Amino acid sequence: MSETANATETEGEPTSEKLVELAKRRGYFFQSSGSYGGVGGFYTFGPQGAALKGNVEDAWRDRFAVAEGNMEIDAPTIMPEPVFEASGHLEGFDDMLVECPDCGESHRADHVVEDDTEYEDAESLPIPEVEEVIAEYELVCPSCGAGLAGQAVEAFNLMFATNIGPGDSQPGYLRPETAQGIFVEFPRLKEYARNQLPFGVTQIGRAYRNEISPRRSIIRTREFTQAELEYFVDPETDEPDLERVENVEVALYPASEQQTDDGEVIETTVGAAVEEGVIGDPWVAYFLGVAKPWYESVGVDMDRFRFRQHLSGERAHYAADCWDAESEIDGNWIELAGFAYRSDYDLSKHAEHSGDRFTVFRQYDEPKTVERATVDPDMSYLGPEFGGDAQTVVSELEALAGRDRAAFEGDAVEIDLEGETREIPVEKTGFAVEEETIAGEHVTPHVVEPSFGVDRLVYTVLHHAYREDEVDGEERTYLELPPEVAPTFVGVFPLQNDADLEAQADEIVDDLREAGLSVSYDDSGNIGRRYRRQDEVGTPFCVTVDYETIEEDQTTVTVRERDTTAQKRLSVDELAETLTAIREGDLAFDEL
RNA sequence: GCGCGGAUGGUCUAGUGGUAGGACCUGAGCCUUCCAAGCUCAUGGCCCGGGUUCAAAUCCCGGUCCGCGCACCA
């Protein structure tokens, strides 16, 4: 796979340019709203692209939801403002930009302030204050040195804002990641998991970011598809089953290697990487081990694939360890997925903001018995006695019972009420020491988050599948897509314009479609042209009906394989069955 | 958001102040017993707006979009 791949990389225009052209021409993807001049950062997947993307999503679902025993949900793309107040996107997703009046460069205003003043967390300052600081310190443009005083600082939030319902009473935002839709519904989702940790919830869907500068076709867009898994674990008791992935070979690029000049990618196994502490968190290691063979199965070239650890500065403060899956495109590494241990950050934030309970009850092996001091004050006494302060008195009594049981040993208990010491007869407090059985405790689960970018993966799969070779002296372009994800699985052709051949071919098309295969019928031009057409969209097999097919008793057709152009004769009766087996990966063309 | 470069049929491209040509693709037909062959015919285009001009696809300005660099990428 890799030899031809590298050959196509070495000369001529970059594969990306040829691929983008092919994608446009053959219906993989193209810029949206072209008739209206186009709009930056939005792409439409054409017939081939939509099928490929759908197949990739199905493969992801099979592996990360079905095979892992996780549950999939489908949440809205619009959520109300409080969700993003809790998640931190409303504030943290906001960049402050200031433009230089001389050279026109835009800079992060908070960075300018932090670099040249004693302020350390300028991002949290309100904008007018940042403007004042810039004026006060006479800060200058980092590029050209011109004064920035008096320049407006603009807030730029990467979330798309909208209004829910008529008027502007309820602001909402298009989600900048699919994850919040899972976190927000946690209290209900944990019920579906029967309150048992660990459990995982997946979601495949669109997310939106109003990027300042979308780039490089579908690699960085404003609307994109994510496939995310939020795996909820009990941080004290749950451990991944590393044995299942310990022998998976991985290429790791740890932070320590990135920080040296001649840092190298380490070829190792998941098991060894955990043992040697290269991967800090075993859950992250587990999912790296699941992801690697999966990426290979959908067509990512493993010679152009690695896991890169985030540098400490790159990592969110709550994340213990974070790795990205990366693929190489024309010499550049792009992020395909992130694997982060997010601790209880997300659930705690939503618990705090919503007031709902984002915990799971962890039952002790043995119930614990504890003594607890309680009060049950006689309000018919406290009310008349203390009037409006009665509730304060109750609170004081409760607190006192918790911290100083001995205070209730006499006939009266003393409490402090606004600096004044007051006495209350113990018999009126309802003081009691009770034995209580505690069966367990409420735990906020920690979250392990493998988060996949689907569009970038589709791009990588196409890019890594792109091939140029020669057949009988003629140049050929083809996509070496794995049969499992190829948008069209088989082309069916009559050898020539001939009513009998066409009739037989039609019948075969019906049979194959009935068997659930994606079939393309083509009877135009000569046979070679039709093969090349299918090669270019990556159709793995072509079936040709010739005169032998209709003359013989035992009807056969030729089946031609895309990558080698080799042909074999197969009986029509077993055609659907054989091709289905190949698509399922149970049979190889070579074995026919 | 800034700087540089670009935008001509579906795709790739030639070109000039007087509204455009090629190649491939696509469709119809002929030919053709397995790899982009040949022949005939057909469809289809100057990114948008303004300005200069008798006349603008061409020159100028603005915008949109694309590529690259800077910045950004929670």
Side-chain angles (χ1 to χ4, degrees), chain A residues 13-14 16-18 20-27 30-42 46 84 87-109 111-112 123 141-144 154 156-159 176-177 179 209-217 219-222 224 314-319 334-335 338 340 453 470-478 493-498 501 524-536 542-551 557-560 562 564-567 569:
Chain A
E13 53 186 328
S16 295
E17 287 181 21
K18 293 185 281 193
V20 167
E21 187 266 317
L22 187 151
K24 244 189 289 194
R25 193 159 39 78
R26 289 297 188 188
F30 53 89
Q31 201 187 14
S32 299
S33 306
S35 296
Y36 292 90
V39 54
F42 293 91
F84 300 108
S87 72
H89 285 100
L90 207 53
E91 203 154 305
F93 225 49
D94 225 6
D95 285 342
M96 285 183 273
L97 296 179
V98 62
E99 191 180 319
C100 172
D102 263 25
C103 69
E105 288 280 323
S106 280
H107 301 279
R108 285 275 298 264
H111 290 177
V112 172
E123 200 178 348
C141 170
S143 302
C144 71
E154 309 255 346
F156 187 80
N157 191 289
L158 263 14
M159 283 196 296
E177 59 176 19
R209 295 178 193 179
N210 201 359
E211 295 284 354
I212 297 172
S213 167
R215 281 287 160 88
R216 301 174 68 194
S217 78
I219 291 173
R220 199 156 125 209
T221 54
R222 293 189 164 118
F224 52 98
E314 202 176 344
R315 211 162 56 210
H317 59 88
Y318 48 80
I334 63 165
E335 180 188 342
E470 276 194 9
V471 173
D472 297 339
E474 297 281 352
E475 280 184 14
R476 177 173 80 130
T477 299
Y478 67 107
F493 320 137
L495 183 60
Q496 294 178 12
N497 281 354
D498 180 300
L501 293 181
S524 80
N526 69 41
I527 192 75
R529 177 177 304 201
R530 286 175 259 164
Y531 283 144
R532 298 304 164 81
R533 209 178 260 153
Q534 294 304 323
D535 285 342
E536 212 179 25
C542 290
V543 165
T544 299
V545 175
D546 58 18
Y547 289 96
E548 279 183 54
T549 309
I550 52 176
E551 281 162 8
V557 288
T558 61
V559 178
R560 179 254 199 195
R562 174 195 60 204
T564 58
T565 74
Q567 292 185 339
R569 280 206 93 82

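Residue numbers start from 1 in every chain, and the chains themselves are labelled A, B, ... in the order their sequence lines are given, proteins ahead of strands. This one's a predicted model, so the numbers in the text were calculated from it and none came from an experiment.
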Practice task
Show the numbers, then the answer: is there a side-chain contact (heavy atoms from CB on, under 4.5 Å) between A/Lys24 and A/Gln31?
Solution key: CA-CA 8 Å; A/Lys24 244 189 289 194; A/Gln31 201 187 14; over 6 Å; no
Problem - Check: A/Ser524 main-chain N/O paired with A/Arg529 side-chain donor or acceptor under 3.5 Å - result: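 No: the side chain of A/Arg529 does not pair with the backbone of A/Ser524.
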Report the distance from atom [atom1] of [X] to atom [atom2] of [N], rounded to the nearest whole Å.
X: A/Arg25; N: B/G9; atom1: CZ; atom2: P; result: 15 Å
X: A/Phe42; N: B/C66; atom1: CZ; atom2: P; result: 11 Å
X: A/Arg533; N: B/G10; atom1: CZ; atom2: C1'; result: 13 Å
X: A/Ile219; N: B/C68; atom1: CD1; atom2: C1'; result: 14 Å
X: A/Arg532; N: B/C24; atom1: CZ; atom2: C1'; result: 14 Å
X: A/Lys24; N: B/C25; atom1: NZ; atom2: P; result: 18 Å
X: A/Asn526; N: B/G38; atom1: CG; atom2: P; result: 9 Å
X: A/Arg220; N: B/C68; atom1: CZ; atom2: P; result: 11 Å

What contact category does [X] fall into here, base, sugar-phosphate, or nothing, at under 4.0 angstrom with non-hydrogen atoms?
X: A/Ser87; answer: nothing
X: A/Glu548; answer: nothing
X: A/Arg530; answer: nothing
X: A/Asn497; answer: base
X: A/Arg215; answer: base
X: A/Gln567; answer: base

Shortest non-hydrogen separation from [X] to [Y] and the atoms involved:
X: A/Val543; Y: A/Val559; value: CG2-CG2, 4.1 Å
X: A/Gly40; Y: A/Pro214; value: C-CG, 4.0 Å
X: A/Phe224; Y: A/Pro176; value: CZ-O, 4.1 Å
X: A/Thr221; Y: A/Gly41; value: CB-O, 3.2 Å

Taking the [atom1] atom in each of [N] and [M], what is the distance between them to the nearest angstrom?
N: B/U43; M: B/A20; atom1: P; result: 16 Å
N: B/U26; M: B/G62; atom1: C1'; result: 37 Å
N: B/U8; M: B/C47; atom1: C1'; result: 10 Å
N: B/G9; M: B/G5; atom1: C1'; result: 24 Å
N: B/U40; M: B/G22; atom1: P; result: 13 Å
N: B/G21; M: B/G44; atom1: P; result: 14 Å
N: B/U11; M: B/G45; atom1: C1'; result: 12 Å
N: B/A23; M: B/G15; atom1: C1'; result: 15 Å

Between [atom1] on residue [X] and [atom2] on residue [Y], distance to nearest 0.5 Å:
X: A/Gln567; Y: A/Tyr531; atom1: CD; atom2: OH; value: 4.5 Å
X: A/Met159; Y: A/Ser87; atom1: CE; atom2: OG; value: 6.5 Å
X: A/Arg220; Y: A/Glu211; atom1: CZ; atom2: CD; value: 4.5 Å
X: A/Thr565; Y: A/Asp535; atom1: OG1; atom2: CG; value: 8.5 Å
X: A/Glu551; Y: A/Asp546; atom1: CD; atom2: CG; value: 8.5 Å
X: A/Ile527; Y: A/Gln496; atom1: CD1; atom2: CD; value: 9.0 Å

Minimum-distance nucleotide to [X] side chain [options: [options]]:
X: A/Ser524; options: B/A71, B/A37, B/G27; value: B/G27
X: A/Tyr547; options: B/C35, B/A71, B/U33; value: B/U33
X: A/Asp546; options: B/G27, B/C35, B/C34; value: B/C34
X: A/Arg560; options: B/C35, B/C34, B/C12; value: B/C35
X: A/Arg216; options: B/C68, B/C12, B/U26; value: B/C68
X: A/Gln496; options: B/C34, B/C12, B/U33; value: B/U33
X: A/Arg529; options: B/C31, B/U26, B/C35; value: B/U26

Problem - Check: A/Thr558 side chain, B/C34 base, donor-acceptor under 3.5 Å - result: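 Side chain to base: pair present.
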Exercise for the section: Could you provide the dot-bracket string of RNA chain B, using ( ) for intrastrand pairs, [ ] for crossing pairs and | for bases paired to another strand, with Watson-Crick or G-U pairs below 3.5 Å? Expected result: (((((((..((((....[..)))).(((((.......)))))....(((((..]....))))))))))))....
Dump the pairs, protein N or O against N or O of nucleotides 61-65 of chain B, anything under 3.5 Å, distances to one decimal.
unit_1	atom_1	unit_2	atom_2	d
B/U64	O2'	A/Gly37	O	3.3
B/C65	OP1	A/Gly40	N	3.4
B/C65	O4'	A/Gly37	O	3.3
B/C65	O3'	A/Gln31	NE2	2.6
B/C65	O2'	A/Gln31	OE1	3.2

Handout entry: Comparing A/Phe224 and A/Ala566 on RNA chain B - which has the more 5′ nearest nucleotide
Key =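 With A/Phe224 and A/Ala566 compared, the 5'-side residue is A/Ala566.
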